[in-house]
Number of protein chains: 2
Amino acid sequence: MSNSCFATRLSHFLALTPAEEAALARLEDKERQFERGECIRHQGDPADELFIVRKGWLYSHLELDDGKRQILRINFPGDLVGTSSVAFGNASHSLTALSDGVLCPFDRRALAELFEQHSRLATLLFLISQAERVAMDDRLASLGRTDAKARIAALLLDIVVRHRIMGDGDLAEVEIPMTQEDIGDATGLTSVHVNRMMKELKRDGLILRERNRVTILDEGRLVDLAGYINRYAAVDTSWLPAPEA
Amino acid sequence: MSNSCFATRLSHFLALTPAEEAALARLEDKERQFERGECIRHQGDPADELFIVRKGWLYSHLELDDGKRQILRINFPGDLVGTSSVAFGNASHSLTALSDGVLCPFDRRALAELFEQHSRLATLLFLISQAERVAMDDRLASLGRTDAKARIAALLLDIVVRHRIMGDGDLAEVEIPMTQEDIGDATGLTSVHVNRMMKELKRDGLILRERNRVTILDEGRLVDLAGYINRYAAVDTSWLPAPEA
DNA sequence: CGATATTTTGATTCATATCAAGGTGGGTGG
DNA sequence: CCACCCACCTTGATATGAATCAAAATATCG
């Protein structure tokens with residue numbers, strides 16, 4: 001196994017060649033530490049870098065005119081973040097640390113170079129970005145068409161399931177370093193209502209809470225409640241061309 | 001100008017070489033007609049094709065367990081749709097026609113081939129898919145953190161602005177072939193409430209309605225109300241490598 | 001240990017859903 | 001060409017889930 005976080009993630013989808021691994025590792029040449037609560041990048045900032053998360057959790061969020069906030073996505077090690085700077089010269093959303101950690105910044109030109117030299121990786125990255133868009137579709141339906149309890153359930157499941165992919169940590173138990181206000185900003189609810197709904201989820205035996213550690217007790221029922229679909233389980237890379245010699 | 005709808009769209013972002021144009025045109029070899037109301041593809045269907053929309057409007061939507069529906073996105077000529085079949089062997093969402101039209105299906109392997117032969121186009125397609133993800137982020141914030149009137153305003157603006165990009169039709173006036181129920185399913189509201197809010201938008205002099213033709217009367221105030229950001233105006237392709245010889 | 005952030009709880013209000021009933025227009029078949 | 005039908009829009013009355021306001025309880029941090 002390579003020491004590249006990103007290569008490790010991608011190898012879950014596809015067996016990589018040594019040349020591909022090396023090219024990916026090059027994206028992680030530089031390192032930058034961050035601290036819990038730190039704002040890594042603010043929306044509107046000029047930005048021509050993207051980041052690979054090596055360690056720690058982040059979230060991306062939009063700040064609206066009236067001071068409201070929408071959390072878009074929670075990010076884990078192995079995630080590629082800040083990708084909107086590929087399309088715009090500046091950050092479309094803010095990026096804030098949920099825990100201490102490390103990320104690896106690289107210039108968007110390095111991405112173009114990667115696409116030039118490794119078209120199979122380019123296709124894979126496009127494929128993964130489509131899978132992530134589908135996850136976003138599910139979130140949209142969650143906010144648009146389900147009630148508070150289902151939205152919270154869906155958020156918790158998404159976090160647990162994606163956390164599980166990277167293999168670290170237990171199956172159903174995660175320390176989620178988010179306040180109830182954060183959860184509200186991710187689900188479109190107030191912290192007060194998040195509190196009440198999580199109490200009900202606990203009363204109904206679906207989850208357990210102590211501190212900000214959340215344990216999924218009955219994943220099946222939670223999946224039903226949320227209408228959750230695990231998209232990551234169904235990713236299909238079988239059609240990709242053979243690696244270049 | 002080439003007769004490829006997709007090349008025309010992409011040339012709004014970047015001057016294409018003849019070789020690139022030819023490669024894009026090849027994606028539109030096949031044609032398929034569709035009729036208003038027709039379901040082009042249903043969620044869960046096996047799918048290894050994507051589509052370029054040549055003519056007409058479509059929408060993608062999720063159907064939830066309880067019969068509710070979330071409309072994800074309205075699609076116009078020049079759009080690349082059905083991209084989730086790149087990541088999965090089947091359709092993650094349904095695709096339904098809002099009007100009669102024509103689309104061009106092609107196999108996902110053709111995409112891999114394009115990425116192999118034209119890395120600059122690969123980078124451009126990745127870039128555009130990031131811009132579309134950002135538009136999705138805005139929609140998430142709209143549903144999660146704004147009220148009914150703002151959501152409807154944002155939807156109307158998004159439709160008008162994206163429609164304008166392709167240059168067909170007038171500046172502010174569009175015939176929107178959606179029922180109020182459709183608008184509700186796109187904004188996470190009921191058709192009854194859509195009706196009341198659109199009446200207010202009309203009363204306040206922001207829009208005009210007759211039949212399903214909607215005219216934006218005061219785009220500035222509508223933008224303020226919705227907190228709308230025109231992301232398409234800010235796409236930056238200046239950093240892409242020079243075209244291959 | 002005090003200070004500050006977060007969670008919890010209760011009372012009240014509000015935006016939007018739900019239910020129900022007409023109204024309108026356009027398309028179709030007799 | 002008319003009459004009916006069906007999909008869609010409109011309007012009113014009522015219900016409800018979540019927001020808001022306020023304050024106390026608890027955890028966390030320096």
Side-chain angles (χ1 to χ4, degrees), chain A residues 35-38 64 66-71 96-100 142-156 175-204 207-214 225-226, chain B residues 35-38 64 66-71 96-100 142-155 175-203 207-214 225-226:
Chain A
E35 283 179 2
R36 180 189 166 123
E38 186 181 337
L64 309 189
D66 55 0
K68 292 204 178 82
R69 187 174 68 137
Q70 175 69 49
I71 292 184
T96 302
L98 278 171
S99 69
D100 294 352
S142 179
L143 295 214
R145 284 295 185 224
T146 76
D147 66 14
K149 227 192 277 190
R151 291 188 215 173
I152 294 169
L155 179 73
L156 295 177
E175 179 102 27
I176 298 181
M178 295 169 78
T179 66
Q180 293 180 355
E181 182 145 19
D182 292 335
I183 294 175
D185 284 337
T187 51
L189 301 166
T190 57
S191 59
V192 173
H193 204 57
V194 168
N195 184 279
R196 292 198 237 264
M197 292 302 105
M198 287 186 76
K199 206 171 57 174
E200 286 193 21
L201 290 174
K202 186 181 175 185
R203 168 173 51 74
D204 298 345
I207 65 172
L208 211 85
R209 294 180 300 153
E210 62 250 326
R211 240 15 91 65
N212 43 19
R213 172 168 294 270
V214 173
L225 173 64
Chain B
E35 281 179 5
R36 176 185 171 127
E38 186 181 336
L64 280 48
D66 55 0
K68 293 203 178 81
R69 187 175 67 137
Q70 176 67 49
I71 291 184
T96 303
L98 277 170
S99 69
D100 294 352
S142 179
L143 295 215
R145 285 295 184 223
T146 77
D147 66 13
K149 228 192 277 191
R151 293 189 214 173
I152 293 169
L155 179 73
E175 178 103 25
I176 298 182
M178 294 170 77
T179 66
Q180 293 182 354
E181 182 146 20
D182 292 335
I183 294 174
D185 284 337
T187 51
L189 301 165
T190 58
S191 60
V192 172
H193 204 57
V194 168
N195 184 279
R196 292 199 239 262
M197 293 301 106
M198 288 186 76
K199 206 170 56 175
E200 286 193 20
L201 289 175
K202 186 181 173 184
R203 172 177 45 76
I207 65 173
L208 211 86
R209 295 179 299 151
E210 61 249 330
R211 229 34 76 66
N212 43 20
R213 169 168 299 269
V214 174
L225 173 65

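To find a chain, count down the sequence lines: A is the first, B the second, and so on, and within it residues start at 1. Nothing here was measured: the structure is a model prediction, and the numbers come from that model.
For the helix from C/dC1-D/dG30 to C/dA21-D/dT10, the terminal axes (five pairs an end, C1' atoms, rotation from four pairs onto the next four) enclose an angle of 50°, given to 10 degrees.
One interatomic measurement links the two molecules: CZ of A/Arg203 to P of C/dT8, which rounds to 15 Å at whole-angstrom precision. Distance, A/Leu189 CG to D/dA18 C1': 8 Å, rounded to whole Å. Rounded to an integer number of Å, the gap from CG of B/Leu98 to P of D/dC8 is 12 Å. Note: CE (B/Met198) to P (D/dC8) measures 15 Å, nearest angstrom. Rounded to whole Å, the distance from CD on B/Glu181 to C1' on C/dA17 is 14 Å. Counting to the nearest Å, the P atom of D/dT28 and the CD atom of A/Glu210 are 12 Å from each other. Atom CE in B/Met197 sits about 7 Å away from atom P in C/dT16, given to the nearest Å.
Taking 4.0 angstrom as the limit, B/Asn195 places a side-chain polar atom (N or O) nearer than this to OP1 or OP2 of D/dT10. The shortest distance between the side-chain N/O atoms of A/Arg36 and the OP1/OP2 oxygens of C/dA5 is not below 4.0 Å. At D/dT11, one or more side-chain N or O atoms of B/Lys199 fall inside 4.0 Å of OP1 or OP2 (strictly under the cut-off). Residue B/Gln180 places at least one side-chain N or O under 4.0 Å from the OP1 or OP2 atom of D/dT10.
Qualifying salt bridge (Lys or Arg N to Asp or Glu O under 4.0 Å) partners for A/Asp204, counting only residues two or more places apart in sequence or in other chains: A/Lys149. Under the rule for a side-chain hydrogen bond (donor to acceptor under 3.5 Å, both in side chains), A/Glu35 has no partner lying at least two apart in sequence or in another chain. With sequence neighbours left out, A/Glu181 forms a side-chain hydrogen bond (donor to acceptor under 3.5 Å, both in side chains) with no residue at all. Partners of A/Ser99 under the side-chain hydrogen bond (donor to acceptor under 3.5 Å, both in side chains) rule, at least two apart in sequence or in another chain, do not exist in this structure. Every residue was checked against the side-chain hydrogen bond (donor to acceptor under 3.5 Å, both in side chains) condition with A/Arg209, not counting sequence neighbours, and none meets it. For B/Leu64, the side chain to side chain contact (heavy atoms under 4.5 Å, CB included) criterion is met by A/Ala141, A/Arg145, A/Thr146, B/Leu62, B/Asp66, B/Lys68, not counting sequence neighbours.
Between B/Glu200 and B/Arg203 there is a salt bridge, since a side-chain N of the basic residue sits under 4.0 Å from a carboxylate O of the acidic one.
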When you compare the protein's N or O atoms with those of nucleotides 22-24 of chain C, which come within less than 3.5 Å of each other, and at what distance?
none

Please enumerate all protein N or O atoms sitting under 3.5 Å from an N or O of nucleotides 20-22 of chain D, with distances to 0.1 Å.
residue: D/dT20; atom: O4; partner: A/Arg196; partner atom: NH2; Å: 3.2

Filtered N/O pairs between nucleotides 23-25 of chain D and protein, under 3.5 Å:
none

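Within residues 142-156 of chain A, the residues approaching DNA chain D are A/Asp147, A/Ala148, by heavy-atom distance under 4.0 Å.
For residues 188-197 of chain B, the set of pairs meeting the side chain to side chain donor-acceptor pair (under 3.5 Å) definition, not counting sequence neighbours, comprises B/Gln180-B/Asn195.
Contact check for B/Met197 versus B/Ile183: no side-chain heavy atoms found under the 4.5 Å cut-off.
Distance alone, capped at 3.5 Å, is enough to place a donor-acceptor pair between the A/Asp182 side chain and the A/Thr179 backbone.
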